[in-house]
Amino acid sequence: MIKNINDEIDKFLLSLPNAENIDIAKIKDKYSSVITDSLDKGHITTNVCMIAASEFKTNPKELAQQLVDALEATGKFLSVESAGPGFVNITLQRSDFVSTIDKINKKNTEFGTSTIGNNQSIQIEFVSANPTGPLHVGHGRGAAYGDAIARILTSSGYKVQKEYYINDAGRQIDILTCSVFARIYEKELSQFFPKNAYKGKYIIDIANSFKAKTNSKITPELRPLIHDLPEDEEKEIDELAVRIKELYSDLWKDIKSHALKEVLESIQSDLEKFNVSFDNWYSESSLGDLTDSKSKISLSIEHLKDKELAYIKDGAVWLNTEGAGDDKNRVLIRDDGRATYFASDVAYHKDKIDRGFDKLINVWGADHHGYIKRIEASIEGLGFSKNKLSVQLVQFANLFKDGSKVKMSTRSGDFYSLADLIEDIGTDAARFYYLSKQADQHLDFDLNLAKADSKENMFYYIQYAHARICSLLNKYMEKNPSISKSALAIADGKYTNCDKLIHEMSKYPGVISRASSSLQPHLIIFYLKDFAHSFHSFYNDNQVLTESKENIDSIIFCLNSAKIILSNGLTLLGIKPIEKM
RNA sequence: GCGCCUGUAGCUCAGCUGGAUAGAGCAACUGCCUUCUAAGCAGUGGGUCAGGAGUUCGAAUCUCUUCAGGCGCGCCA
């Protein structure tokens with residue numbers, strides 16, 4: 001409909017005197033016709049006259065009056081008015097206005113989808129938490145966000161792949177392995193436990209399951225392992241890892257792979273409970289290591305050396321990232337020959353690009369923002385446009401319970417996990433609140449509120465609207481074989497109480513397209529909240545089932561589309577609509 | 001010091017590529033359940049959009065600047 005209006009407006013612009021000397025394309029580019037915020041401004045409003053007035057060297061209000069006359073002359077609209085500083089407000093004919101609910105009912109779960117993405121492939125990498133312990137509530141936000149934008153982009157016609165990058169190769173995994181080792185041989189080590197090890201209870205569980213699995217035949221004399229370890233807590237655990245690897249290399253490998261498997265399984269099961277699934281789990285260790293000259297990591301570094309972006313200095317291999325705007329150049333290979341995390345990441349991103357995605361999205365914790373420049377630099381260094389990659393930052397969420405902040409730290413083992421959160425308030429409420437604020441801003445998450453039964457609890461406010469409609473539909477179905485397929489009374493203008501609802505519903509596709517192009521799921525949440533309010537208001541003012549048969553049919557048809565809106569919106573956020581509460 | 005983010009009602013936050021009297025919930029006060037779910041609805045009060053300058057027909061929105069708060073600046077991951 002808006003397109004038709006714009007066509008008429010464009011015709012009008014060309015018909016103006018002196019039009020041939022004016023850059024009409026520029027005006028067309030700048031003006032917009034949008035759905036009005038409220039019905040007292042009609043259905044559609046356009047600001048074209050204010051934009052065009054300065055080009056045509058005329059007064060916006062006069063131009064608006066001319067446009068009003070031109071649009072009225074087409075006979076396509078119920079009424080056209082100029083308003084304010086030069087807006088032109090258009091009221092559609094009833095049939096055009098009501099066609100929205102026909103369309104929603106017809107398209108049903110497909111309503112709001114589009115083909116804007118044109119089948120381009122996007123890969124979204126998110127969560128990617130180190131597999132050193134259970135997911136905590138900080139990861140939950142990235143999980144909810146990444147999954148939501150994946151759903152939204154899919155509905156906008158993109159081919160989306162969701163990937164989890166498993167950091168299973170670095171020092172953190174050695175620390176995990178050491179931690180489990182120390183728990184397994186607690187007795188043999190005379191209760192020694194490295195200061196910097198993971199202290200969570202899950203480590204003990206993993207140790208126990210390892211013992212049960214292997215019958216723990218090896219009970220070596222372990223005291224030399226802990227003899228004269230460095231005082232420094234960082235060095236202590238590193239040295240311990242070196243010694244275990246050297247003396248018990250098979251045992252080390254067994255414990256490591258067992259610990260990794262257990263932790264990953266717990267992460268996977270938490271994500272499953274959280275209604276988040278991944279298409280691909282990509283292991284850092286599959287990039288290989290530097291000893292293999294054909295490994296992905298070696299090849300990507302060679303590639304950068306060939307391009308003279310990587311160079312040797314002070315015994316280390318550096319990447320020139322300054323050229324791409326980074327503060328300083330970064331080390332790829334340390335002077336002791338070990339690759340840095342950054343080197344793996346460069347190889348990983350090269351691999352992602354090689355896999356042929358049109359676009360990559362990384363969802364990162366906001367504390368990594370200093371890292372963006374250097375990864376972009378490496379992508380350019382590899383010969384690709386840095387625009388291929390879009391990094392979305394997710395700020396940490398602070399959790400409040402009974403008014404005080406919930407603490408979390410994987411290392412100390414003292415944390416409130418994602419699984420705890422799901423247990424506490426449920427997957428859907430948790431996802432909802434994670435998404436209720438723009439991802440790159442601090443979120444204060446009030447657990448008491450998420451469970452509260454008041455209007456303040458936006459989650460239930462929206463769900464309640466859906467449940468109320470379901471309840472009405474059920475009552476209607478008791479006396480009618482099926483939902484009415486038309487809204488004659490509304491189309492005739494005999495029953496206009498639904499108009500506000502219809503008007504709000506017509507905004508839905510625009511909201512989704514904005515959420516999609518800006519990667520901001522919270523826009524959907526705020527729309528749904530406003531829409532739920534329109535519905536509750538309608539519900540209070542109208543005793544639907546006491547209306548005339550003709551009106552009831554129309555209302556039910558309209559409310560069914562309202563239900564579709566609520567349901568589609570929630571589904572895009574990965575939240576199940578509630579039918580009864 | 002450099003970089004990023006934030007500052008809107010007492011509180012928690014919306015505010016689309018600049019648009020019409022700046023919105024919502026909570027809190028305060030007032031009404032609405034013999035009728036489809038009151039986890040609801042209607043209303044009242046509450047604002048120098050941190051301050052200043054600029055661009056524009058038009059600025060909470062864009063630019064510059066000052067102030068205040070948060071975060072990041074490893075041969076860690």
Side-chain angles (χ1 to χ4, degrees), chain A residues 29-32 34 36-37 41 45 47 50-51 53-54 59-61 83-87 89 130 132 167 169-173 175 234 284 313-318 325-328 330-345 365-373 393 395-396 436-438 440-444 446 449 452-465 467-476 507 510-511 513-515 517-518 520 522-523 525-527 529-530 532-533 535-547 552 580-581:
Chain A
D29 200 44
K30 278 183 79 179
Y31 86 84
S32 59
V34 296
T36 58
D37 45 4
K41 294 170 184 165
T45 183
N47 62 357
M50 289 176 291
I51 309 280
S54 61
N59 172 323
K61 287 194 144 183
F87 289 101
N89 296 341
N130 282 344
T132 55
N167 294 120
R171 174 167 175 265
Q172 296 305 319
I173 298 304
I175 295 175
E234 300 281 343
E284 180 185 0
K313 189 186 142 201
D314 302 331
V317 178
W318 296 70
D326 199 2
D327 301 342
K328 53 176 283 197
R330 308 289 172 172
V331 170
L332 289 168
I333 303 176
R334 300 180 179 91
D335 54 11
D336 64 5
R338 286 153 53 231
T340 60
Y341 174 82
F342 178 50
S344 303
D345 229 16
D367 52 333
H368 283 63
H369 86 251
Y371 199 79
I372 297 175
K373 279 256 169 64
L393 297 178
Q395 275 288 359
F396 284 111
S436 68
K437 203 175 166 185
Q438 213 167 310
D440 65 352
Q441 287 177 33
H442 285 100
L443 173 72
D444 287 338
D446 185 336
L449 172 62
D453 54 355
S454 72
K455 189 172 181 179
E456 203 180 350
N457 187 344
M458 250 204 287
F459 173 67
Y460 281 110
Y461 183 75
I462 294 168
Q463 292 283 21
Y464 188 36
R468 275 180 148 177
I469 297 175
C470 289
S471 168
L472 273 179
L473 293 175
N474 286 337
K475 285 242 157 59
Y476 177 84
K507 295 177 185 171
V511 171
S513 100
R514 245 182 296 136
S517 61
S518 64
Q520 294 183 331
H522 78 283
L523 296 176
I525 288 200
F526 282 94
Y527 168 79
K529 189 200 73 174
D530 289 342
H533 180 241
F535 167 74
H536 286 308
S537 184
F538 168 81
Y539 184 89
N540 234 264
D541 292 344
N542 296 276
Q543 188 64 30
V544 174
L545 299 179
T546 60
E547 288 282 343
I552 293 180
K580 207 168 188 172
M581 45 194 295

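Values below: every heavy atom of this structure, side chains too, minus hydrogens, waters and symmetry copies.
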Shorter than 3.5 Å, N or O on both sides, protein versus nucleotides 2-4 of chain B: list them out with atom names.
| from | atom 1 | to | atom 2 | distance (Å) |
| --- | --- | --- | --- | --- |
| B:G3 | N2 | A:His369 | NE2 | 2.8 |

### Query
Are any of A:Lys328's side-chain N or O atoms less than 4.0 Å away from OP1 or OP2 of B:C75?
yes
### Message
In this structure, how many angstroms lie between the P atom of B:G40 and the CD atom of A:Gln463, rounded?
### Response
13 Å
What nitrogen or oxygen pairs link the protein and nucleotides 7-17 of chain B at under 3.5 Å?
| from | atom 1 | to | atom 2 | distance (Å) |
| --- | --- | --- | --- | --- |
| B:C13 | OP1 | A:Lys437 | NZ | 3.3 |
| B:G15 | OP1 | A:His522 | NE2 | 3.2 |
| B:C16 | O2 | A:Arg514 | NE | 3.0 |
| B:C16 | O2 | A:Arg514 | NH1 | 2.9 |
| B:C16 | O2 | A:Arg514 | NH2 | 2.7 |

### Summary
B/S/- along nucleotides 29-37 of chain B (protein heavy atoms under 4.0 Å) is ------BBB
### Task
List in chain and number order the residues that pass side-chain hydrogen bond (donor to acceptor under 3.5 Å, both in side chains) with A:Tyr460, two or more places apart in sequence or in another chain; answer none if no residue qualifies.
none
### Query
Considering residues at least two apart in sequence or located in another chain, which fulfil the salt bridge (charged side-chain N to carboxylate O under 4.0 Å, His left out) criterion with A:Asp336?
A:Arg338
### Task
Start with the C-alpha gap between A:Trp318 and A:Leu332, add the side-chain angles, then the distance that decides, and say whether side-chain contact (heavy atoms from CB on, under 4.5 Å) holds.
CA-CA 5 Å; A:Trp318 296 70; A:Leu332 289 168; over 6 Å; no
## Note on the structure
Hits for side-chain hydrogen bond (donor to acceptor under 3.5 Å, both in side chains) against A:Asn130, two or more places apart or cross-chain, chain-then-number order -> none
### Message
Tell me whether the side-chain N/O atoms of A:Ser537 come closer than 4.0 Å to OP1 or OP2 in B:A42.
### Response
yes
### Query
Starting at NZ of A:Lys529 and ending at P of B:G23, how long is that distance when rounded to a whole Å?
13 Å
### Query
A:Asp530 has an atom CG; how far is it from atom P of B:G25, in whole Å?
10 Å
### Message
Suppose we screen for side-chain hydrogen bond (donor to acceptor under 3.5 Å, both in side chains). Which residues come up paired with A:Thr36, at least two apart in sequence or across chains?
### Response
A:His503
#### Entry: Partners meeting ring-ring contact (aromatic ring centres under 6.0 Å, His included) with A:Tyr31 (sequence neighbours left out)
none
### Rounded interatomic separation in angstrom, taking CG from A:Asp336 and C1' from B:G74
14 Å
### Query
For A:Tyr464, what residues pass the ring-ring contact (aromatic ring centres under 6.0 Å, His included) criterion, not counting sequence neighbours?
A:His536
### Any donor-acceptor N/O pair under 3.5 Å between B:A20 base and A:Thr45 side chain
yes
### Task
Take atom CD of A:Gln395 and atom C1' of B:C71, then tell me their distance rounded to the nearest Å.
7 Å
## Note on the structure
Parsed dot-bracket for RNA chain B after applying the Watson-Crick and G-U rules with both distances under 3.5 Å and | for other-strand partners is (((((((..((((.....[...)))).(((((.......))))).....(((((..]....))))))))))))....
### Message
Checking A:Lys507 now: which residues fulfil side-chain hydrogen bond (donor to acceptor under 3.5 Å, both in side chains) with it, not counting sequence neighbours?
### Response
A:Glu504
### Message
Restricting to side chain to side chain contact (heavy atoms under 4.5 Å, CB included), what partner residues turn up for A:Gln441, sequence neighbours left out?
### Response
A:Lys437, A:Gln438
### Message
Distance criterion of 3.5 Å, no angle test: do you see the side chain of A:Asn89 paired donor-to-acceptor with the base of B:A20?
### Response
yes
### Task
Using a cut-off of strictly less than 4.0 Å, decide whether A:Arg334 has a side-chain nitrogen or oxygen near OP1 or OP2 of B:G74.
no
